[in-house]
Amino acid sequence: MKFFIDTANLDQIKEAHDLGILDGVTTNPSLMAKEGITGKGNIMKHYKAICDVVPGDVSAEVISTDYKGMMKEAGELADIAPNIVVKIPMIKDGIKAISSLTENGIATNCTLVFSAGQAILAAKAGATYVSPFIGRIDDINWDGLQLINQIAEIYAIQGFDTEILAASIRSSLAIVESAEAGADVVTCPLSSILGLLKHPLTDIGLEQFLADHKKGN
Ligand code: E4P
């Protein structure tokens with residue numbers, strides 16, 4: 001399973017990268033705005049800075065919602081670095097853009113996916129990744145993980161190559177559960193990744209080992 005970090009914060013990206021377990025990065029316009037990165041030039045520079053740190057896939061989202069606009073933006077984003085994955089929303093023109101970009105050998109991440117039907121369309125269009133937003137589904141009291149399960153089952157039955165990227169993850173437990181449900185990739189905040197380290201028995205055990213070592217010296 002791949003680990004992506006879901007942020008535009010360069011310090012956090014570097015920290016996750018230094019752990020040696022980071023396979024990529026996802027961003028979105030809200031995450032860019034959160035870091036105070038505004039204006040096309042600054043946003044493009046920031047994507048370049050992220051790609052300079054992380055050799056794995058870096059999702060960069062288009063702002064246009066029409067086919068022509070998305071294709072233009074996708075070309076500009078793909079020119080930033082070879083590891084850019086163009087993030088395209090799950091809308092009619094988005095599916096058309098994903099099909100064309102796939103034909104042109106440009107990697108895509110179909111974002112804002114909330115149903116199995118949408119995931120089938122993304123796979124049919126040839127998306128490299130499909131991003132079901134499990135946290136946002138849970139927010140409205142539906143079952144985000146169940147969707148991951150369902151997509152994983154459909155993709156296995158149909159032999160689709162599109163990778164399931166479990167997005168909108170807000171806890172360490174959701175990472176584990178997404179892995180169990182068949183996600184190929186999880187994208188999550190640094191805090192959720194670091195939360196995987198935690199277990200009280202590890203802390204107690206380590207304290208005991210160090211204390212016993214001290215006694216014997
Ligand atoms: C996915 O690519 C999105 O950037 C992200 O996971 C959305 O998460 P949120 O629902 O916590 O905003």
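We count ligands from 1, going down the list as the structure has it; atoms in each ligand are counted the same way. Here the structure is a predicted model, which means the values were calculated and not measured.
- Between T187 and ligand 1, no N or O atom pair is found at a separation short of 3.5 Å.
- For atom 12 (O) of ligand 1, the nearest non-hydrogen atom from the set R170, K87, R136 belongs to R136.
- Counting the atoms of ligand 1 from 1 in the order shown, those under 4.0 Å from a heavy atom of D6 are 1 (C), 2 (O), 3 (C), 4 (O), 5 (C), 6 (O), 7 (C), 8 (O).
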Candidate pair E153 and N149, rule side-chain hydrogen bond (donor to acceptor under 3.5 Å, both in side chains), full reasoning: CA-CA 6 Å; E153 202 176 330; N149 258 310; over 6 Å; no
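- Heavy-atom proximity to A167, at under 4.0 Å, picks out these atoms of ligand 1: 1 (C), 6 (O).
- Under the 4.5 Å side-chain heavy-atom criterion for ILVMFWY residues, a single connected hydrophobic cluster contains both V130 and I98.
- Closest to atom 4 (O) of ligand 1 among all protein heavy atoms lies N28 ND2, 2.7 Å.
- Under the 4.5 Å side-chain heavy-atom criterion for ILVMFWY residues, no single connected hydrophobic cluster contains both V185 and F114.
- Atom CD1 of I95 is separated from atom CG of L121 by 5.0 Å, given to the nearest 0.5 angstrom.
- For S168, heavy-atom contacts with ligand 1 shorter than 4.0 Å involve the backbone as well as the side chain.
- Atom OG of S99 is separated from atom OH of Y67 by 8.5 Å, given to the nearest 0.5 angstrom.
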